[in-house]
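Positions are given from 1 along the sequence.
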Amino acid sequence: MAPSDTPPAERVRATAPLAVRMRPRTLDEVVGQTHLLRPGAALRRLVEGGAAASVVLYGPPGTGKTTIARLLGTVGTRHFVALSALSSGVKELRDVINDARRRRDHHDQQTILFIDEVHRFSRTQQDALLGAVEDRLVLLVAATTENPSFSVVSPLLSRSLVLQLQSLTEDEVRELLRRAVTDLRGLDSAVSLSGEAEDALVRLAAGDARRALTALEASADGVAATGGSVIDVPAVERAVTEATVRYDRQGDQHYDVISAFIKSIRGSDPDAALHYLARMLVAGEDPRFIARRLVVHASEDVGLADPTALQTAVAAAQTVELIGMPEARLALAQATVHLATAPKSNSMIVAIDEAMADVRAGAVGAVPAHLRYGRYSGAKKLGNSVGYRYPHADPDGVLEQQYPPDALVGKDYYRPTRHGGERTLHERLEKFRRAVRGG
């Protein structure tokens with residue numbers, strides 16, 4: 001694919017997609033990313049021409065990475081070139097670098113090189129940029145949806161500012177939609193947007209500006225085709241063909257679906273659990289919320305019946321943070337199926353809740369003297385640590401000794417089931433208790 005050198009500020013055709021027509025032309029039109037665009041912030045200084053540095057823009061889809069790159073290209077007399085890592089290779093990079101050298105030497109013009117999906121470049125392709133970036137022959141603006149610490153080579157990172165963009169808030173998406181409905185570049189008030197339909201589009205967008213504007217445009221086209229003038233919820237549903245816009249992240253559907261999701265996992269039905277997971281993901285539920293619920297229920301519903309369940313759930317949560325959607329859906333699905341098909345035990349939640357209930361009720365008691373800290377002057381006179389028996393000194397590693405306060409001697413909090421890994425624990429724990437309690 002040949003590099004694009006279309007001037008960023010060129011007038012956009014009226015037939016261009018709504019998301020393209022509404023792309024901000026100035027910093028003041030940018031919605032969101034206030035942490036990067038406030039006065040004095042690095043990105044604002046770059047866009048306003050007060051600094052020159054290569055940047056890596058890291059964030060979810062539809063957060064403004066391409067827009068910011070194009071705004072950087074409008075500063076002064078800079079030459080803007082765009083490449084996509086999906087269809088460009090080392091040859092295209094070298095062509096751009098050679099052209100940038102010619103422009104610098106003969107026209108004193110700096111080149112902005114925007115590379116979208118930079119994480120898809122191989123190490124060799126990324127290394128080919130190092131010299132040009134080091135010498136500021138080009139100012140690199142690289143965009144990625146993946147954590148650059150894992151997807152961009154260290155030498156390139158060390159030569160660039162890494163700026164993380166955030167998903168737009170619901171209020172920010174709402175502002176974009178309202179602007180697009182009334183703006184001359186947008187729908188120019190040819191249709192109006194009902195409050196319920198606006199709510200549906202906001203939920204559907206899930207913080208993605210491009211997704212919000214694409215869905216709005218499809219809804220408006222559908223209404224116009226039938227001679228209508230108001231976009232309502234049915235119009236949105238027809239346009240995006242996803243009935244899941246009815247899923248209300250703040251209402252009954254939110255609680256009903258997450259409840260059904262957890263109960264399907266607890267009930268060992270992976271197919272139902274995947275269905276509810278899909279409903280949440282398609283409706284734009286925050287994947288971090290789903291990941292947190294999986295981590296909780298790995299201990300609450302599986303526990304030590306399968307100790308690897310918690311590891312899988314935590315790994316899924318980390319994947320959500322490191323990679324994000326849509327790739328993280330695979331890790332969430334894997335954790336869901338793992339938990340649903342694992343042997344079940346609620347022994348952990350029963351044990352800790354009973355122990356905490358006893359503590360709240362006052363069943364605490366003094367720590368036995370032989371277990372108290374004894375490494376300070378005068379400790380032995382108080383009996384601290386006197387008589388403590390070191391378990392590793394016994395051939396079996398377990399010996400008779402009182403550990404709980406007097407009031408709780410003989411109290412069993414953890415009662416393992418005979419499911420999965422707890423079957424072995426059940427037998428082992430009986431032996432431990434007999435040895436420790438002198439049975």
Kindly determine whether His338 and Val302 satisfy side chain to side chain contact (heavy atoms under 4.5 Å, CB included), including the steps that lead there.
CA-CA 10 Å; His338 187 148; Val302 179; over 6 Å; no

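- Salt bridge present: Arg415 and Glu354 bring a charged side-chain N and a carboxylate O closer than 4.0 Å.
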Item to check | CA sep, side-chain torsions, deciding dist, call: Asp171, Thr169, side-chain hydrogen bond (donor to acceptor under 3.5 Å, both in side chains) | outcome: CA-CA 5 Å; Asp171 286 342; Thr169 66; 5.4 Å; no

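- With contacts defined as side-chain heavy-atom distances shorter than 4.5 Å, the pair Ser347/Leu304 does not qualify.
- With hydrogens and angles disregarded, a donor-acceptor distance shorter than 3.5 Å links the side chain of Gln126 to the backbone of Phe121.
- With sequence neighbours excluded, the residues forming a salt bridge (charged side-chain N to carboxylate O under 4.0 Å, His left out) with Arg123 are Asp127, listed by chain and number.
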Could you walk me through whether Ser122 and Gln125 pass the side-chain hydrogen bond (donor to acceptor under 3.5 Å, both in side chains) test, one step at a time?
CA-CA 5 Å; Ser122 68; Gln125 290 169 310; 3.3 Å; yes

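- Under a cut-off of 6.0 angstrom, the local environment of CD in Glu300 is crowded, with over 12 non-hydrogen atoms contributed by other residues, nucleotides or ligands.
- Ion pairing between a basic and an acidic side chain is recognised when a charged N comes within 4.0 Å of a carboxylate O; Arg179 and Glu29 show no such pairing.
- A salt bridge links Arg174 with Asp199: the distance from a Lys NZ or Arg NE/NH1/NH2 to an Asp or Glu carboxylate oxygen falls below 4.0 Å.
- In this structure Arg423 satisfies the salt bridge (charged side-chain N to carboxylate O under 4.0 Å, His left out) test with no other residue, sequence neighbours excluded.
- Residues that satisfy the salt bridge (charged side-chain N to carboxylate O under 4.0 Å, His left out) test with Glu321, not counting sequence neighbours, are absent from this structure.
- Between Asp188 and Arg21 there is no salt bridge, since no side-chain nitrogen of the basic residue lies less than 4.0 Å from a carboxylate oxygen of the acidic one.
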